[in-house]
J.: 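Take a look at the following structure, please.
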Amino acid sequence: MAQQPEPSDWWRDAAIYQVYPRSFADGGGDGTGDLAGVRSRLPYLAELGVQAVWFNPWYPSPMADGGYDVADYRDVDPAFGTLAEAEKLIAEGLELGLRTIVDIVPNHVSDAHPWFRAALAAAPGSPERDLFHFRPGRGALGELPPNDWKSEFGGCPWTRTVNADGSPGEWYLHLFAVQQPDLNWAHPQVRSEHESILRFWFDRGAAGVRIDSAGLLAKDPALPDFEPGRDPHPFVDRDELHGIYRSWRAIADSYAEPRVLIGEIWVSDTERFARYLRPDELHTAFNFDFLARPWEPFQLRASIDATLAAHAPVGAPATWVLCNHDVTRTVTRYGRADTRFDFAAKAFGTPTDLPLGRRRARAAALLSLALPGSVYLYQGEELGLPEVEDLPPERLQDPMHLRSGGTDPGRDGCRVPLPWSGSEPPYGFAPAGVEPWLPQPAGWGALTVEAQSGDPDSMLELYRSALRIRRSAVAGEFAWLPSGREVLAFRRAGGFSCLVNLGGEPVALPPHGAVLLASGPPAGGLLPPDTAVWLQDS
Ligand code: GLC
């Protein structure tokens with residue numbers, strides 16, 4: 001029997017479902033997903049078998065970056081609903097056993113946020129500007145940006161302001177889009193404001209927060225030029241961050257059921273990464289190393305080993321993530337010649353064998369759901385949705401695409417509204433006749449929740465079964481089993497084992513009592529290529 005963790009340790013092995021509110025379900029009938037839509041579909045999430053739901057930002061926002069440009073951290077955008085509805089959603093979720101994780105965006109605000117408006121209206125050197133990174137430009141006339149940094153979305157992360165008299169003024173820093181000015185985390189008011197925002201959502205029943213761009217908040221106060229190899233980096237993974245997160249942990253721990261802090265931290269050094277997960281800092285952080293690896297046995301094994309080795313000394317559980325709202329959908333990625341994920345080399349539009357990608361995505365699901373730690377599912381992953389690579393260019397909204405001058409495909413292709421039912425758009429996402437904010441492809445009729453429900457061969461039923469079995473049979477110690485080079489084989493406690501065949505030939509199954517679940521039919525005691533199986537000892 002699997003050991004049951006303490007209820008307050010739920011996050012150590014939870015399956016957490018990511019809802020991108022704009023694209024989940026449209027209750028209001030305007031083509032944009034909303035909280036009413038989510039509330040009506042909570043039973044779907046409970047039945048799927050996840051324990052918590054992480055919502056991408058739902059705050060008032062001009063939507064320059066899909067809501068990651070926040071104008072007010074204590075309210076809900078009218079396009080999504082109201083604060084009262086968010087409170088109801090949190091309460092209704094809990095009744096169904098679903099905890100809510102809210103997305104916190106501390107690195108930057110929207111240029112429509114009152115603080116930034118006040119800063120623009122105030123003079124250089126004013127206290128209002130101190131909350132951000134305003135600097136004079138370089139060059140004789142201040143016409144050059146203050147340093148040579150690059151925006152995470154490409155291009156220059158500095159924008160010049162205009163003074164009240166119309167003359168060119170100071171520059172402000174935005175590591176992302178122009179509409180996302182970075183906050184100055186060396187300022188005590190920035191810290192106290194975010195501590196208050198945490199309490200605001202924790203007081204409303206949020207079980208935790210996902211912390212956006214959590215490795216970028218602290219900047220070298222001198223804002224020096226970027227020199228390759230400069231250590232510490234002027235704005236990534238700086239030591240000052242740990243003090244910030246310790247103060248957040250104290251707040252999270254002050255609740256009767258301690259709240260959970262989940263970091264979005266893109267730091268490739270696994271030991272530096274694990275420093276954020278020390279017992280008085282964050283609880284968990286997304287495992288982007290695993291997400292980015294190609295579908296190759298050596299690569300995946302190396303990632304699993306490095307992950308477990310880095311987490312063990314700090315006592316934090318690993319997380320397993322295959323995709324999210326920023327990266328290429330798994331069935332597409334795994335169907336390409338190049339199966340890794342890399343922001344700089346997206347392989348967009350390259351030949352894709354979708355049936356192969358789907359087989360591998362099914363196997364990857366069983367792999368990630370059998371590993372020790374928590375797991376994140378991105379909406380539509382459980383339906384096997386592919387990346388939509390042929391969205392009409394004029395409908396694309398992602399600043400990553402827009403700022404690249406069209407060379408980067410952006411992230412809209414993984415944010416297309418979900419298909420729920422029916423055989424043509426909007427597939428039950430919105431009332432018939434309403435056009436979703438991003439167009440859905442023809443041919444998604446076979447991928448709807450309705451079409452897949454009850455079909456034992458569907459991706460949805462695979463996820464449902466896997467999540468159910470995971471709760472009862474997947475727990476405890478992890479150990480590799482001897483296997484061929486192209487097979488990943490491991491055990492958990494209680495006689496459970498998982499085998500994944502990443503090679504080109506079928507492999508024999510080891511002696512076992514029962515096949516609990518397989519991502520494809522084992523044929524004659526053999527596990528086919530690109531297939532995973534869960535076994536139980538007799
Ligand atoms: C994170 C989010 C991404 C957003 C960026 C800026 O990486 O996941 O969607 O664009 O931060 O907030």
Side-chain angles (χ1 to χ4, degrees), residues 16 18-24 54-71 73 77 101-113 116 132 149-155 157 173-183 185 194 197 209-219 235-237 241 261-268 273 276 282 284-289 291-292 319 321-329 341-344 346 376-381 387 396-404 408-416 438:
I16 300 167
Q18 178 189 351
V19 166
Y20 194 76
R22 213 175 178 186
S23 299
F24 186 71
W54 149 37
F55 291 91
N56 287 106
W58 55 29
Y59 315 107
S61 164
M63 297 283 163
D65 181 21
Y68 282 98
D69 46 324
V70 180
Y73 291 81
D77 195 281
I101 309 287
V102 173
D103 210 320
I104 292 289
V105 189
N107 180 68
H108 42 267
V109 298
S110 161
D111 60 355
H113 189 285
F116 190 69
F132 299 91
W149 296 0
K150 298 271 175 294
S151 159
E152 300 288 308
F153 286 165
L173 177 70
H174 49 85
L175 286 184
F176 293 91
V178 176
Q179 300 89 339
Q180 293 168 297
D182 279 47
L183 287 166
W185 272 87
H194 279 270
I197 292 165
V209 289
R210 176 263 188 191
I211 308 162
D212 186 66
S213 303
L216 302 180
L217 278 49
K219 317 291 189 294
F235 61 86
V236 179
D237 185 29
L241 290 169
L261 308 175
I262 303 159
E264 189 215 13
I265 301 176
W266 292 85
V267 169
S268 53
F273 177 83
Y276 292 89
L282 309 184
T284 63
F286 299 116
N287 186 348
F288 292 121
D289 181 77
L291 176 151
T319 66
V321 191
L322 293 172
C323 57
N324 66 25
H325 66 294
D326 292 329
V327 309
T328 311
R329 288 238 182 232
F341 177 76
D342 184 350
F343 275 112
K346 281 187 182 155
Y376 286 83
L377 316 179
Y378 172 49
Q379 68 176 40
E381 175 183 337
E387 184 83 5
L396 298 179
Q397 304 216 0
D398 181 10
M400 202 175 245
H401 169 74
L402 302 176
R403 279 181 65 89
S404 74
D408 187 307
R411 301 163 295 179
D412 292 304
C414 66
R415 300 173 177 179
V416 172
L438 273 180

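One-based numbering, in listed order, for ligands and for the atoms of each.
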J.: Using a strict threshold of under 4.0 Å (side-chain N to carboxylate O), is an ion pair present between D398 and R403?
T.: no

J.: Using a 4.0 Å cut-off to any heavy atom of Y68, which atoms of ligand 1 qualify?
T.: 2 (C), 4 (C), 9 (O), 12 (O)

J.: Going by the atom numbers of ligand 1, which of them fall below 4.0 Å from some non-hydrogen atom of R415?
T.: 9 (O)

J.: Among all protein heavy atoms in this structure, tell me which lies nearest to atom 5 (C) of ligand 1, with the distance rounded to 0.1 Å.
T.: F176 CE2, 3.7 Å

J.: For R411, take its heavy atoms, then give the atoms of ligand 1 lying under 4.0 Å from any of them.
T.: 3 (C), 4 (C), 9 (O), 10 (O)

J.: Please report which non-hydrogen protein atom sits nearest to atom 4 (C) of ligand 1, along with the residue it belongs to and the distance in Å to one decimal place.
T.: D65 OD2, 3.4 Å

J.: Holding to ring pair (Phe, Tyr, Trp, His ring centres under 6.0 Å), I want the full list of residues that pass it with H401, two or more places apart in sequence or in another chain.
T.: none

J.: Enter the distance from F153:CZ to D65:CG here, rounded to the nearest 0.5 Å.
T.: 4.0 Å

J.: What's the shortest distance from atom 7 (O) of ligand 1 to any protein heavy atom, and which residue and atom give it?
T.: E264 OE2, 2.8 Å

J.: Number the atoms of ligand 1 from 1 as they appear, then name those within less than 4.0 Å of a heavy atom of R210, with their elements.
T.: 2 (C), 8 (O)

J.: Could you list the atoms of ligand 1 found under 4.0 angstrom from a heavy atom of H108?
T.: 6 (C), 12 (O)

J.: Examine distances only and state if a side-chain atom of Y378 and a backbone atom of V321 form a donor-acceptor pair shorter than 3.5 Å.
T.: no

J.: First locate atom OH of Y376, then atom OG1 of T319, and finally report the distance between them rounded to the nearest 0.5 Å.
T.: 6.5 Å

J.: Treating R415 as the side-chain partner and H325 as the backbone partner, does any N or O pair qualify as donor plus acceptor under 3.5 Å?
T.: yes

J.: Got an N/O contact under 3.5 Å between W266 and ligand 1?
T.: no

J.: Would you please indicate yes or no on a ring centroid separation below 6.0 angstrom for Y68 and F176?
T.: no

J.: Between E387 (side chain) and R329 (backbone), is there a donor-acceptor pair under 3.5 Å?
T.: yes

J.: Would you please indicate yes or no on a ring centroid separation below 6.0 angstrom for H113 and F132?
T.: no

J.: Between ligand 1 and M400, can you find any atom pair, the residue atom being a heavy atom, that is separated by under 4.0 Å?
T.: no

J.: How far is atom 9 (O) of ligand 1 from the closest protein heavy atom, and which atom is that?
T.: D326 OD1, 2.7 Å

J.: What atoms of ligand 1 come within less than 4.0 Å of a heavy atom belonging to S213?
T.: 1 (C), 11 (O)

J.: As an exercise, identify every atom of ligand 1 less than 4.0 angstrom from a heavy atom of H325.
T.: 2 (C), 3 (C), 8 (O), 9 (O)

J.: Are the side chain of D412 and the backbone N or O of L396 linked by a donor-acceptor pair below 3.5 Å?
T.: no

J.: Is it the side chain (CB and beyond), the backbone, both or neither of F286 that lies under 4.0 Å from ligand 1, heavy atoms counted?
T.: neither

J.: Looking only at protein heavy atoms, which one is nearest to atom 2 (C) of ligand 1, and how far off is it?
T.: D212 OD1, 3.0 Å

